[in-house]
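Worksheet: the structure to be examined is printed underneath.
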Amino acid sequence: MKVAEIDVERARREFFARSARIVARDLIGCLLVHDLEGERLVGRIVEVEAYESRGDAASHSARGPTPRNASMFGPPGHAYVYLSYGVHCCFNVVTADAGVGEAVLVRALEPLRGLESMRSRRGAVADVDLCRGPGRLSRALGFELEHDGLDLVRGPIGIHVPTRMSRPRVDRGPRIGITKSVELPWRFVERGSRHASR
DNA sequence: GGAATGATGTACT
DNA sequence: GTACATCATTCCG
């Protein structure tokens, strides 16, 4: 591997090695990519939530490591995928440092590429709803439990930070669907996005 | 072993 | 707006 490639990889890993709330904010506008069955599926991240390790009772990591949340305590820049309500897969990006237990839940995407493939997995829904919700986007992009722990720098799932993008306007507020630590304003949404949930 | 609980989505009134 | 499917995980005993 060339020196330049090593530098790029280090920079990509350091992006995730920060607190979840900081990474969460920066993920708005980034591209979530899945190379699946010879096709590249792409969505633009428009809604996320940060789950931290200290003082966050809503985080899966709040009571320490368990078999389910093990990858949340693993190295940053890896996936944490879990089953919600026994039905839906939810996709997170592990942040901070290994052993800490922080992650960012990706809640909604603006579908950009591979829409036909997304439609085939999602059934008869409007395109604006293809990836509007954490369970929905996992279904649309083909995320499964087997992707839990995957290294997002190596693929086939990855996150692209656009080199040239106007910094999106981001609104911040309480997270959705939780009953603990409801006051923490760690949900980030691109202002005015029609692809966000709610 | 048993019971409660979801970081949800869909259907229905 | 409300109802509920559905099951792995977690906690308690």
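Just so we're on the same page: letters track the sequence lines, and every chain starts at 1. The basis for the numbers below is simple: all heavy atoms, side chains too, and nothing from hydrogens, waters or symmetry mates.
- Protein atom CG of Leu145(A) is 12 Å distant from nucleotide atom C1' of dT9(C), rounded to whole Å.
- Listed nucleotides: dT8(B), dT9(C), dA7(B). Nearest to the side chain of Thr66(A): dT9(C).
- When the nucleotides dA7(B), dC11(C), dG9(B) are ranked by their closest atom to the side chain of Arg136(A), dG9(B) comes out on top.
- For the OP1/OP2 pair of dG9(B) and a distance below 4.0 Å, the side-chain nitrogens and oxygens of Arg122(A) include no atom meeting the criterion.
- Each of Leu105(A) and Val125(A) has a nearest nucleotide on DNA chain B; the 5'-most of these lies closest to Leu105(A).
- For the pair Tyr82(A) OH and dT8(B) P, the interatomic distance rounds to 6 Å; values are reported in whole Å.
- When the P atom of dT10(B) is taken as reference, atom CG of Asp129(A) falls 8 Å away, rounded to whole Å.
- Put simply, Val81(A) and Leu32(A) are part of the same group of oily side chains (I, L, V, M, F, W, Y) that touch within less than 4.5 Å, one to the next.
- Under a cutoff of 6.0 Å and an axis angle of 45°, Arg18(A) and Phe15(A) form a cation-pi pair.
- In the hydrophobic cluster analysis, where Ile, Leu, Val, Met, Phe, Trp and Tyr join through side-chain heavy atoms closer than 4.5 angstrom, Ile45(A) is grouped together with Leu152(A).
- A close approach under 4.0 Å does occur between a side-chain nitrogen or oxygen of His60(A) and OP1 or OP2 of dA7(B).
- When distances run from any side-chain atom of Leu83(A) to the nucleotides dG9(B), dA7(B), dA8(C), the shortest one goes to dA8(C).
- Within a 6.0 Å radius of CZ in Arg175(A), more than 12 heavy atoms belonging to other residues, nucleotides or ligands are found.
- Taking the charged nitrogens against the carboxylate oxygens, Arg13(A) and Asp151(A) do have a contact shorter than 4.0 Å, which makes a salt bridge.
- In the set dT8(B), dG6(B), dT10(C), dG6(B) carries the atom at the smallest distance from any side-chain atom of Thr179(A).
- Note: CG (Asp148(A)) to P (dT9(C)) measures 10 Å, nearest angstrom.
- Following rounding to the nearest Å, Arg175(A) (CZ) and dT8(B) (P) show an atom-to-atom distance of 11 Å.
- Relative orientation of the His34(A) and Phe143(A) rings is tilted, given thresholds of 30° and 60° on the angle between their planes.
- Counting only Watson-Crick and G-U wobble pairs whose two key distances fall under 3.5 Å, DNA chain B forms stems of three or more stacked pairs at B:1-6 with C:7-12, B:8-12 with C:1-5.
- The minimum heavy-atom distance between Leu141(A) and Cys131(A), with the atom names listed, is CD2-SG, 4.4 Å.
- Each of dT6(C), dT8(B), dT10(C) was ranked by its minimum atom distance to the side chain of Val87(A); first place goes to dT6(C).
- For Tyr85(A) and dT6(C), the OH to C1' distance is 12 Å, given to the nearest whole Å.
- For the OP1/OP2 pair of dT10(B) and a distance below 4.0 Å, the side-chain nitrogens and oxygens of Arg132(A) include no atom meeting the criterion.
- Straight-line distance from the NZ atom of Lys180(A) to the C1' atom of dT5(B): 8 Å, rounded to whole Å.
- Between dT10(C), dC11(C), dT8(B), one nucleotide has an atom nearer to the side chain of Arg63(A) than all others, and that is dC11(C).
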